[in-house]
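Working notes, structure below.
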Number of protein chains: 2
Amino acid sequence: MYTIVDVAKYCGVSTATVSMALNNKGRLSPATRAKVLEAVDKLGYVYNQTAANLRNNESNQVGLLLNDITNPFYSELTLSLNQEMELHNKMLFLANSEDSPERQRRIIESFISHKVGGMVICPALGLDLDFLVTLKRRQIPVVLAVRNLEIADYDFVGTDNFQGARLITQHLINLGHRKIAFLGGMQGSKTRANRLAGYISVLLENDINLETKYSFTCESNRKASEIMMNGILDHYPEITAVICYQDIVAFGAMRALHTRNINIGKEIALTGFDDIPEAADTHPELTTISVSAKEIGRKAGEVLLKRIHGNTENPQHIIIPPTLIIRHSCGS
Amino acid sequence: MYTIVDVAKYCGVSTATVSMALNNKGRLSPATRAKVLEAVDKLGYVYNQTAANLRNNESNQVGLLLNDITNPFYSELTLSLNQEMELHNKMLFLANSEDSPERQRRIIESFISHKVGGMVICPALGLDLDFLVTLKRRQIPVVLAVRNLEIADYDFVGTDNFQGARLITQHLINLGHRKIAFLGGMQGSKTRANRLAGYISVLLENDINLETKYSFTCESNRKASEIMMNGILDHYPEITAVICYQDIVAFGAMRALHTRNINIGKEIALTGFDDIPEAADTHPELTTISVSAKEIGRKAGEVLLKRIHGNTENPQHIIIPPTLIIRHSCGS
DNA sequence: CTGAAAGCGCTTACAG
DNA sequence: CTGAAAGCGCTTACAG
């Protein structure tokens, strides 16, 4: 593996000259520059970006911390953040917290140790806030995505969960539903609290009696929600509509319904949240709330980049408005 | 941001001592070690891994190059590779080629520039092989995943596409189908060629006339395959079964079928390939070939790690055998 | 058991 | 227009 010294020797110039040729800086004669570039090509020299970063006290790496890359919502976010970073010649470290606060902490420390210039974090549930405060002191730009932490001094990009839930609840009420369940999300999740609040607020506005027993928590995977949905069917046959916390949760619920040969859309209405691509593949296709993961990823990248370049405005909260996507799972 | 020098000054020791304390190396008196560690804690010093890497001429970063992180098959692979890397304290760079050979080239060069210790690559279609040969000369470990390139001297982890296609084709024939189409994949894809060969070989073995017009290419997304499926229905109404190149392709085909109110499983049989989680969410659930993306990711990580640690055995080709998953899209 | 010094591969301020 | 030298934050072989 050649270094800048080898290239310099090969051309009979100094390493300073090679460096300047490589970075297109300083005033080199075109002839010298050409000679160097040719040597680079001939030797197959490859620039050591990490050495340059060390010397310049810079970084062109950013970290992305997710809970579950396997969730299509997050993989779309990853893609668009990645595209944004590529445009600005930054590399992306990817890590998965799997919703473990301890693991998340380790990962963030690892990001710092690896000298990221900034990071976007989808916080794990139960993350201790003290840690984030010390993180802030490190002066490294952090933007929170998807899940907000209500820590005033962090940038955040996400959606309006309260509003999204309102949209979908009102839609069901307009269709005549009165016994509406809310299924999914974990106890203690801020996101869930907001969606639940949206659902409740619309119920109240419409003078519908709030039955707290109609809201159910479950893990965000198909298996867990399938089991829960079966429980709902067994114990609350009066329910005519269920608002699922996420599309993934709705998929699990659908399994339970299909197994029992219950006609979704006719006998029961079902809704999701996120509008991942798969939501249009189910049968019936899922009525859901669209939250553009792509847009969140892009915006988060944009904000992060600005911070990395020294922007010190007050923290921004960018809210991508959710929209109602009507398909066939509430009738058609 | 403190450095090792600050910590050393704070404790009144040399930087060598701090370094040794940090790495648990050398013979330091427990008292000194404790003093250093305490200072680290107090100052909030964080280790600069990149500086250490430069000095040691090591790396604890690996690169993962994918075509489409948005495809659930690849996100599962990413997750399991990531887990494997985390176990060994390596960070993962993620990049998306979006199947552009030129972009892929840029990314690989960027990986090298950022001093990855190795990389796993799912090659983009149409990658020029010369480039891979020069890559080989750089001595940096590379393992190919999912798509093989038939370059003898690279490690590869993937599945047996030929065998998988044979499994599913035989299944359809056993169910009585004779007019079987093959839908999807791009011209020039090695993977497609192998699956197509499996399909053809079983047809021939069963004395079924091979109709070359029954095989169709299309991009691996829902929209493209929906359009193609509509074409098939319009022009070849005699077809009773279609083998889709991937689950994603099958999802698009399902859309076309649902739109036309054709009963999947009864009027037409449909199969996928990959067994991504969503394959069990469709209605009817998709009969498909299971290829464990998790297993591929894990194994690829394992092989890469061995290479990084200096293993110089001959290149390995690890084939994860595919299995047939019978659900309801071919009748039940 | 601990310190002084060289060096990993770059860049840049300073001379010339 | 180009070179010699110092320094980014580490580690390790060598002294003591």
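Sequence lines set the chain letters: A, B, ... in the order given, protein chains first and strands last, and positions in each chain run from 1. Excluded from the calculations below are hydrogen atoms, water molecules and symmetry mates; all remaining heavy atoms, backbone and side chain alike, are included.
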>> Looking at D:dT11, I'd like to know if its phosphate oxygens (OP1 or OP2) sit under 4.0 Å from a side-chain N or O belonging to B:Asn23.
In response: yes

> Relative to the 5' end of DNA chain C, which residue comes earlier, B:Asn56 or B:Ser14, by the nucleotide with the nearest heavy atom?
Replying inline: B:Ser14

> What's the CD1-C1' distance between A:Ile4 and D:dA4, to the nearest Å?
Replying inline: 14 Å

>> With a 4.0 Å cutoff (strictly under), does any side-chain N or O of B:Lys25 reach OP1 or OP2 of D:dT11?
In response: no

> If only side-chain N and O atoms of A:Thr32 are considered, is one of them under 4.0 Å from the OP1 or OP2 phosphate oxygen of D:dT2?
Replying inline: yes

> Any side-chain N or O of A:Thr17 less than 4.0 Å from the OP1 or OP2 oxygen of D:dG3?
Replying inline: yes

> What is the distance from CG of A:Leu22 to C1' of C:dT11, rounded to the nearest Å?
Replying inline: 11 Å

> What's the CD-C1' distance between B:Glu58 and D:dG9, to the nearest Å?
Replying inline: 15 Å

> Would you say a side-chain N or O of A:Thr15 is under 4.0 Å from OP1 or OP2 of C:dC10?
Replying inline: no

> Under the side-chain contact (heavy atoms from CB on, under 4.5 Å) criterion, do B:Val291 and B:Phe73 qualify, and how do the steps go?
Replying inline: CA-CA 9 Å; B:Val291 175; B:Phe73 182 82; 3.9 Å; yes

> Between A:Tyr2 and C:dC10, does any side-chain N or O lie under 4.0 Å from OP1 or OP2?
Replying inline: no

> Please give, in whole Å, the distance from C:dC1 C1' to B:Met20 CE?
Replying inline: 8 Å

> Tell me: CG of A:Asn53 to P of C:dT12, nearest whole Å?
Replying inline: 12 Å

> For A:Leu28 and C:dT11, what is the distance between atoms CG and P respectively, to the nearest whole Å?
Replying inline: 12 Å

> Taking a pair as Watson-Crick or G-U wobble with both distances under 3.5 Å, which nucleotide is matched to D:dA4?
Replying inline: none

> Can you find a side chain N or O atom of A:Ser19 that sits less than 4.0 Å from OP1 or OP2 on C:dT12?
Replying inline: no

>> Is it the case that the side chains of B:Asn53 and A:His114 hold a donor-acceptor pair, with the cut-off being a distance below 3.5 Å and no angle test?
In response: no

> Do A:Glu302 and A:Lys299 sit within salt-bridge range, that is, some charged N less than 4.0 Å from a carboxylate O?
Replying inline: yes

> Which nucleotide sits closest to the side chain of B:Leu54: D:dC10, C:dG9, C:dT11?
Replying inline: C:dG9

> In whole angstroms, how far is the C1' atom of D:dC8 from the NZ atom of B:Lys115?
Replying inline: 17 Å

>> Minimum heavy-atom separation for B:Ile140 and B:Gly117, please, with both atom names.
In response: CD1-C, 4.4 Å

> Can you tell which of C:dT12, D:dG9, C:dG9 lies closest to the side chain of B:Arg55?
Replying inline: D:dG9

> Salt bridge or not for B:Arg105 and B:Glu102, using N-O below 4.0 Å?
Replying inline: no

> So what does B:Ala52 touch, heavy atoms closer than 4.0 Å: a base, only the sugar-phosphate, or nothing?
Replying inline: sugar-phosphate

>> For B:Ser14 and B:Thr17, which I'm curious about, is there any donor-acceptor pair between the side chains at under 3.5 Å?
In response: yes

> Could you state the CG-P distance from A:Asn48 to C:dC8, rounded to the nearest angstrom?
Replying inline: 12 Å

> What does B:Asn57 touch in the nucleic acid at a heavy-atom separation under 4.0 angstrom: a base, only the sugar-phosphate, or nothing?
Replying inline: nothing

>> By the 4.0 Å heavy-atom rule, please label B:Val13 as base, sugar-phosphate, or nothing.
In response: sugar-phosphate

> What nucleotide among C:dT12, C:dC10, D:dC10 has an atom nearest to a side-chain atom of A:Tyr47?
Replying inline: C:dC10

